[in-house]
Amino acid sequence: MFIPDDRFLIMNEFKRTHTCGELSGNDAGKTVTLNGWVYKNRNHGGIHFINLRDRYGVSQVVIDEDASEDLINLADNLKFEYCIAVKGLVRKRPDEMINPDMSTGEIEIKAEEIRVLSQCEVLPFMVDEKSNAKEDLRLKYRFLDLRSEKMKNNIRLRHETAFAVREYLSNKDFYEIETPTFIKSTPEGARDFIVPSRLYPGKAFALPQSPQIYKQLLMVSGLDKYFQIARCYRDEDARGDRQPEFTQIDIEMSFVDREDVLSLTEGMMSHVFEKTLSLKLPENFRRLSYHEAMESYGSDKPDLRFEMKIKDFTDIAEKCSFSVFKDTVANGGTVRYILAKGCASDYSRKKITELEDTAKIYGAKGLAWMKAGEEGLEGGVSKFFKDEEKEIIEKTGAENGDLLLFVADSWKVTCNSLGAVRSKLGKDLGLIDESAFAFAWILDFPLFEWNEDENKWDPAHHMFSMPQGQYLETMEQDPGPVKGDLYDLVLNGYEIASGSIRVHDPEIQKRIFNVVGFSDEEAERKFGFMLNAFKYGAPPHGGIAPGLDRLVMIMAGEDSIREVIAFPKNTAGLSPLDDSPSEIEQNQLDELGILFKEEIKEEAEVAEKAAE
RNA sequence: GGGGGCGUGGCGAAGCUGGUUAUCGCGCCGGCCUGUCAAGCCGGAGACCGCGGGUUCAAGCCCCGUCGCUCCCGCCA
C-alpha cells in the first residue's frame, strides 16, 4: 500500500476539481480529480467499482481491465471509509448501466490514478442508513455517524434554517447581538449550570437558561429589534426533545403588541419553510386559547394533525347513578370523554386496558368505557347509564360501532390523561398525516398558578409577562383568572416557541412580585439590575424564542433533537464522545477554592455504610 | 426521585413452556468472478449471552440485586 510521506505535495497534485455529487453527462470527456471516502468497493475480478462519497454526493469510480497492475492492486486493498483521491476521465455510462437512483448515475469516472490520503480501521458500525447501530455507539463515534446521508441532510437542514432566519430577520432591520454566557445565577425556573469563579472563590457565574434579561436590557438601550441564535443551558433531566444545552432563536422587539410578534413569527416560519422545504405555510396560523387547547385536546401543545376532540360530560355525570362520575362532579371535579368512531370492535378489553394505562400515567384513576351497539350502549360502565342511554347517544353522537372513553377527575388530570389517550389513539389508528405541519398559537395563558402545597400563588411562567389589560384592576384580589399576554407556538404536538409582551412598568412589576409573595428585598437582590434599568425610559417591548433544535427536528421528520445536533449529550446528560463530564485535577479544584473532593468521597462512603 | 422497555461475536437481530454443538444477516480474513450499484459464489476466524448472586441434574431463558442505554412521569419553556 502506498502511503505518501509528503501529503502536502500529494494534496497539491490531487486536489479535487469537482465534488462527488456534481458530475453529470455534460461533464463527459473531462479529466477530473475527486476527493472522498470509499463508500462501497465491488470487485468483479477484472473490473472494480468504487462508490466514492463526500458531503455533496456519491460518484462511481471504475477500475477497468486495462488498468495497470498497480492500480488494480491498490483498488483491491481499498477498505470502507478510506479517504482517497481519484484522478480520472468522466465518461457517460452505457444506457443500460445508468443508475436512476443515483444523482450522478449517468456517469462514472474511469480511474487513472488513485492516492490513499488516509486509511481507516475496521469500523465500529457501517456508515449506512441500514446499519441501525445503537444510539450510544453512534454518539461515541459521532464523527462517523455524521458521514451518513441522513445526518448530513439533517445538519444541512439545520444550517439552512438558521440561515433563512438570519436572512429574514436581517431584512426586517433586526440586529444579531451576542449576550454573555457567564451571567448572574437566578434560581427561579430551571436549575442553573454553575461556573465557579477563580478570582472570587466562593462565587460563581451561571450559564444562561435564556438571554431573557439581556434582551430586555437591549430594548431599554433602544436597539429596538434584536435576535440571536443563542445557546441556552438548563441543568435538568434530558428527554427526546430536551438537552442540557440547546439553541433558541431569541427575538425581542420594542413598541409592539402581541399581534406584531405573532405576525413576525408567522412570516419568519413561512420564510424558513419556503427556503428549506419549498413549502408554503398558511399566512395566519390557527389560534387556540390555553383553556380551549387543554379542554379539547388535553394538552397545551396539542397535535393538531388530527381532530378527535375531547368533550364535556359533566352535565350527565352530575345527575347519573354511577357514583364514580357523580362524586367527582360533586367534589368539584370534571368528567370528559372521547368518542372514537368505529373503534368498538378494534378495541378489545386488552387494548382498552392499554389506553387506561396511558391515562393512569397522567394521574387518572381509571378509564371508563362503553361501546355503542345496534341495541344501544353496551359493555364497560354502560349498565350504570340505562336511564341516560338516549341522552348520551344524542349528546355524544355515538353510533353503532363507536367507542366512548371517559375520565373523571380534577380538571387538570382529566384533560391531561385524556390528552394522552387521544395521542395514543391518533397514533394507533393512523390518524396522523406524517407529512403535515400543523402550526397553532396557544394564547391567553394564566399568569398565576395556585400552589396547593405552599398555599400561595406561583408564577405560571416567568414573572416578566404583562397581564392582559382587563385584569389589571383585580389582579391582587383574584389572581386565578388573570391571563397574560403570553403565547406559545405549537407544531405537531411540540411547543416550538414561547414568548410574551413584557412588563416594562416598574409599578406593575412590583404588583406581580407581590402576588407571588416575592419581597421587594428579594426582587432587588435577584433582578435589581433589570428593575433599575426599567426606571430609565424602558420602552414597551415583547418577544419570542423559537427552539431551533425542535423546529429542525420536526422539519426533518425526526423524533429526537439529538438527530439534528452535531454533538449531543445522551439522556443521562453525558457525552459518550469525549466522556464528559469528567473528574478534574485536584489543582484545578484548589485554584477554584473548592475543597470538597475528599469530603464528597467520605460522605459517599459514609452513606454507603449506612445503606448496608 | 419514580415507572416501562432493552442489553446475545465488531454491528443489527433470532433463540419456543429451562435440555446438551448458541442461529441468521452485515462486517472481518482467504479464494473465485468483466458491468456492479444492498453485487454474487465458496471457505474461514470471531461470543466469558452487561455484571454479581440464587433456584435447578441442567440457565442466554426463571428469581433477586446491580450497572448501562432508551422511553415516559416528576422536573423543565
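All figures in this text were calculated on a predicted structure; none of them were measured in a lab. All chains are named by letter (A, B, ...) in the order of the sequence lines, taking the proteins before the strands, and each is independently numbered beginning at 1.
- Checked by distance alone, A:Asn99 brings a side-chain donor or acceptor within 3.5 Å of a matching partner on the base of B:C37.
- The distance between atom CG of A:Asp192 and atom C1' of B:C75, rounded to the nearest whole Å, is 15 Å.
- Contact check on A:Lys301 versus A:Glu495 returns no salt bridge, with no Lys/Arg side-chain nitrogen under 4.0 Å from an Asp/Glu carboxylate oxygen.
- Side-chain N/O atoms of A:Lys40 include none lying less than 4.0 angstrom from OP1 or OP2 on B:G27.
- The CD atom of A:Glu449 sits 10 Å away from the P atom of B:C76 (whole-angstrom rounding).
- Under 4.0 Å is where a charged nitrogen must lie from a carboxylate oxygen, and between A:Lys150 and A:Asp145 no such pair does.
- B:G5 and B:C57 are spaced 34 Å apart, taking the C1' atom of each and rounding to whole Å.
- With hydrogens and angles ignored, no donor-acceptor pair under 3.5 angstrom links the side chain of A:Asp357 to the base of B:G4.
- Residue contacts for A:Arg91: at a heavy-atom cut-off of 4.0 Å it reaches a base atom on one of the strands shown.
- Taking atom CD of A:Glu236 as the reference point, atom P of B:G1 lies 13 Å away to the nearest angstrom.
- Phosphate proximity of B:G12 to A:Lys134: present, with a side-chain N or O under 4.0 Å from OP1 or OP2.
- Comparing the same atom, C1', in B:C26 and in B:G68 gives a spacing of 25 Å after rounding to whole Å.
- Residues A:Leu574 and A:Gly499 each lie close to RNA chain B; by heavy-atom proximity, the contact nearer the 5' end of the strand is made by A:Leu574.
- A donor and an acceptor atom sit less than 3.5 Å apart, one in the side chain of A:Arg93 and one in the base of B:C37.
- Side-chain nitrogen and oxygen atoms of A:Arg42 include none within less than 4.0 Å of the OP1 or OP2 phosphate oxygen of B:U36.
- Remark: A:Arg147 does not engage A:Asp54 in a salt bridge, criterion side-chain N to carboxylate O under 4.0 Å.
- Counting atom types as modelled, A:Arg242 pairs a side-chain N or O with a base atom of B:C76 as donor and acceptor under 3.5 Å.
- For the P atoms, the distance linking B:U23 with B:G43 amounts to 16 Å, nearest Å.
- Regarding A:Asp136, its CG atom lies at a distance of 20 Å from the P atom of B:G5, rounded to whole Å.
- A salt bridge is absent between A:Glu135 and A:Lys140; no separation between the charged side-chain nitrogens and carboxylate oxygens falls under 4.0 Å.
- A:Gly240 comes within 4.0 angstrom of the backbone, heavy atoms only, and of no base.
- Taking the six-membered ring for Trp and thresholds of 30 and 60 degrees, A:Phe285 and A:Phe439 have nearly parallel ring planes, at less than 30 degrees apart.
- With B:C28, B:U70, B:U34 as the choices, the nucleotide that has an atom nearest any side-chain atom of A:Glu65 turns out to be B:U34.
- Rounding to whole angstrom units, CG of residue A:Leu123 and C1' of B:G27 are separated by 9 Å.
- At a threshold of 4.0 angstrom between heavy atoms, the contacts of A:Asp237 include nucleobase atoms, whether or not backbone atoms are also involved.
- For A:Glu108 against B:G35, a side-chain N or O and a base N or O form a donor-acceptor pair under 3.5 Å.
- Rounded to whole Å, atom C1' of B:G2 lies 14 Å from atom OH of A:Tyr362.
- Position along RNA chain B of the nearest nucleotide to A:Leu137 versus A:Met102 favours A:Leu137 as the more 5'-ward residue.
- Comparing the P positions of B:G31 and B:U36 gives an interatomic distance of 24 Å, to the nearest angstrom.
- Between A:Tyr290 and A:Phe445, the ring planes are tilted. Angles from 30° to 60° get that label.
- For B:C75, the OP1/OP2 oxygens have no side-chain nitrogen or oxygen of A:Arg239 closer than 4.0 Å.
- Following rounding to the nearest Å, A:Glu354 (CD) and B:G3 (P) show an atom-to-atom distance of 21 Å.
- Across B:G27 and B:G52, the matching P atoms stand 33 Å from one another, rounded to whole Å.
- Between A:Phe464 and A:Phe513, the ring-plane angle classifies as perpendicular under the 30° and 60° cut-offs.
- For B:G7 and B:U17, the P atoms lie 16 Å apart once the distance is rounded to whole Å.
- A:Gly46 comes within 4.0 angstrom of sugar-phosphate atoms only, judged by non-hydrogen atoms across all strands, and of no base.
- B:G30 and B:G35: their P atoms are spaced 23 Å apart (whole Å).
- For A:Arg138 against B:G12, a side-chain-to-base donor-acceptor contact under 3.5 Å is absent.
- Between B:G60 and B:G44, the two C1' atoms lie 26 Å apart (nearest whole Å).
- For a distance-only test at 3.5 Å, the side chain of A:Arg562 fails to qualify as a donor-acceptor partner of the base of B:U70.
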